[in-house]
Amino acid sequence: MRFMKNVILIFISFISFFLISCTYISINNSYLYTYDDRGYAASEAVDVNGQLIRNFDVDWPVGKVIVRSYDGEYIVIHESVSEVEDQYLMHTKVVDDSFFIRYLASGSNFKDIEEKTLTINVPCTLDSLIINVVSANIEVYDLEISSSKLSSVSGKVEVSNLKTNELKIGTVSGQSEINNSEIINCVVDDVSGGLNITESNITSLKYVGVSSSLKAVLKLLPNSIDVETTSGSVILILPQDSIINVDFDTTSGNIENEFGDDDKSNNIIDITTVSGDITIKNG
């Protein structure tokens with residue numbers, strides 16, 4: 001019952017985003033892109049003082065979004081675009097210390113132009129980063145940030161060398177990857193995308209999937225790991241000599257645990273799956 005409730009919540013979260021933020025309407029192979037455009041202006045490239053912006057809110061349905069750090073004073077934002085009318089350029093606005101980026105003008109058809117790549121070069125620590133895409137890929141590199149929320153329908157989400165207090169990733173069929181990162185609280189929801197974690201330090205990890213798999217290679221033993229899947233496999237590779245308190249619940253999947261179970265340990269691993277295999281290995 002708890003698992004089905006979480007699966008329903010995944011779909012509700014995606015539906016809520018598309019209703020609240022931008023709307024994509026498909027009519028006769030035309031994809032109308034609409035949002036509240038008050039205060040937005042067309043921009044091909046933007047430079048802004050890095051001390052003035054603490055939060056980013058990006059909506060970029062197709063193509064790619066790249067966010068990375070660099071050695072400079074200004075936040076540098078540009079898109080890959082040839083000569084096009086203003087309505088097909090990205091549209092941006094600033095509200096207090098928050099920077100908002102939209103793919104093109106509200107009311108435009110984003111299938112009228114070639115898919116674009118948005119690149120954001122950041123010289124400073126951010127408070128928050130929100131990126132929402134449909135089929136675009138998201139790449140976040142070498143950032144230090146308080147919190148980040150990355151949402152995709154079918155695009156891949158890749159995070160590398162990220163240091164953050166909170167990372168939330170939500171996808172339907174897009175794959176998620178987390179590499180060489182330090183994260184205090186990591187929450188990932190998907191339907192069939194799957195999650196791959198390599199060489200990362202995560203204090204608390206929660207993963208909810210349907211027909212998707214989780215593989216995590218962790219440098220340090222997390223305080224808690226909470227995983228729920230229907231048919232996806234779960235593979236955890238933990239540091240040597242880890243002492244763990246485990247709670248496994250599977251209907252038909254196989255279980256392999258090289259560490260045993262110590263109910264006095266404060267490092268709790270809770271895995272629920274219907275037909276997926278569970279493997280906990282010594283790294």
Side-chain angles (χ1 to χ4, degrees), residues 1-10 13 144-150 157 159-171 175-191 193-283:
M1 179 65 70
R2 182 186 67 166
F3 174 75
M4 290 306 300
K5 179 180 179 181
N6 285 333
V7 171
I8 292 171
L9 288 175
I10 294 175
S13 65
E144 183 172 345
I145 191 168
S146 296
S147 67
S148 48
K149 182 178 180 181
L150 312 176
V157 178
V159 172
S160 297
N161 299 316
L162 177 70
K163 185 175 182 180
T164 183
N165 294 332
E166 182 177 54
L167 171 63
K168 292 184 177 180
I169 299 176
T171 77
Q175 184 182 11
S176 301
E177 292 188 2
I178 300 172
N179 308 306
N180 297 299
S181 296
E182 296 183 19
I183 304 166
I184 294 177
N185 184 35
C186 180
V187 178
V188 179
D189 296 330
D190 70 35
V191 177
L195 171 62
N196 187 40
I197 302 173
T198 59
E199 300 300 323
S200 295
N201 296 335
I202 299 176
T203 303
S204 174
L205 170 64
K206 181 174 179 60
Y207 176 70
V208 178
V210 181
S211 59
S212 49
S213 298
L214 164 67
K215 181 177 180 181
V217 181
L218 301 170
K219 289 183 178 180
L220 298 177
L221 181 62
N223 291 343
S224 68
I225 299 176
D226 187 356
V227 180
E228 299 177 31
T229 73
T230 300
S231 57
S233 62
V234 178
I235 300 174
L236 301 178
I237 300 177
L238 306 178
Q240 294 184 2
D241 303 320
S242 293
I243 300 175
I244 57 177
N245 183 344
V246 300
D247 183 2
F248 298 149
D249 184 3
T250 181
T251 302
S252 59
N254 297 316
I255 298 176
E256 177 185 354
N257 177 15
E258 296 184 354
F259 293 96
D261 180 18
D262 185 339
D263 59 9
K264 295 181 180 179
S265 173
N266 292 323
N267 303 111
I268 299 172
I269 299 178
D270 186 349
I271 301 176
T272 301
T273 179
V274 177
S275 60
D277 294 338
I278 300 172
T279 303
I280 314 295
K281 300 183 70 174
N282 194 323

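- Within the model, atoms CD1 of Ile197 and CD1 of Ile202 stand 4.0 Å from one another, a figure rounded to the nearest 0.5 Å.
- Shown here are the side chain to side chain donor-acceptor pair (under 3.5 Å) partners of Thr198, two or more places apart in sequence or in another chain: Asn179.
- Using a 4.5 Å heavy-atom cutoff, the side chains of Ser231 and Val274 are not in contact.
- Residues passing the salt bridge (charged side-chain N to carboxylate O under 4.0 Å, His left out) test with Glu144: none are found, sequence neighbours excluded.
- Partners of Ser212 by side chain to side chain contact (heavy atoms under 4.5 Å, CB included), not counting sequence neighbours, listed by chain and number: Asp190, Tyr207.
- The CG atom of Asn201 sits 12.0 Å away from the SG atom of Cys186 when rounded to the nearest 0.5 Å.
- Asp247 is linked by a side chain to side chain contact (heavy atoms under 4.5 Å, CB included) to Asp270, counting only residues two or more places apart in sequence or in another chain.
- Judged as a side chain to side chain donor-acceptor pair (under 3.5 Å), and not counting sequence neighbours, Ser181 has no contacts.
- Counting heavy atoms from C-beta outward, Asn185 and Leu167 have side chains that stay 4.5 Å or more apart.
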Review item, side-chain donor-acceptor pairs of residues 275-283, under 3.5 Å, at least two apart:
from, atom 1, to, atom 2, distance (Å)
Asp277, OD1, Asn254, N, 2.8

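- With contacts defined as side-chain heavy-atom distances shorter than 4.5 Å, the pair Val246/Asp263 does not qualify.
- One distance of note links CD of Glu228 with CG of Leu214; it measures 12.5 Å at 0.5 Å rounding.
- Checked against side chain to side chain donor-acceptor pair (under 3.5 Å), Ser224 has the following partners two or more places apart in sequence or in another chain: Ser204.
- Contact record, Ile169 with Val157: CD1-CG1, 4.0 Å, taken as the closest heavy-atom pair.
- To the nearest 0.5 Å, the span separating CD on Glu182 from CG on Leu220 amounts to 8.5 Å.
- For Ile184, the side chain to side chain contact (heavy atoms under 4.5 Å, CB included) criterion is met by Asn165, Thr203, not counting sequence neighbours.
- Each of Asp261, Ile244, Asp226, Asn257 was evaluated against Ile269; a single residue qualifies, Ile244, per the side-chain contact (heavy atoms from CB on, under 4.5 Å) test.
- Shown here for Glu166 and Thr164, the closest heavy-atom pair between the two residues is O-OG1, 3.1 Å.
- Shown here are the side chain to side chain donor-acceptor pair (under 3.5 Å) partners of Ser233, two or more places apart in sequence or in another chain: Ser213.
- Residue-environment remark: NZ (Lys219) exceeds the threshold of 12 foreign heavy atoms within 6.0 Å.
- Note that the CG atom of Asp249 and the OG1 atom of Thr272 stand 5.0 Å from one another [nearest 0.5 Å].
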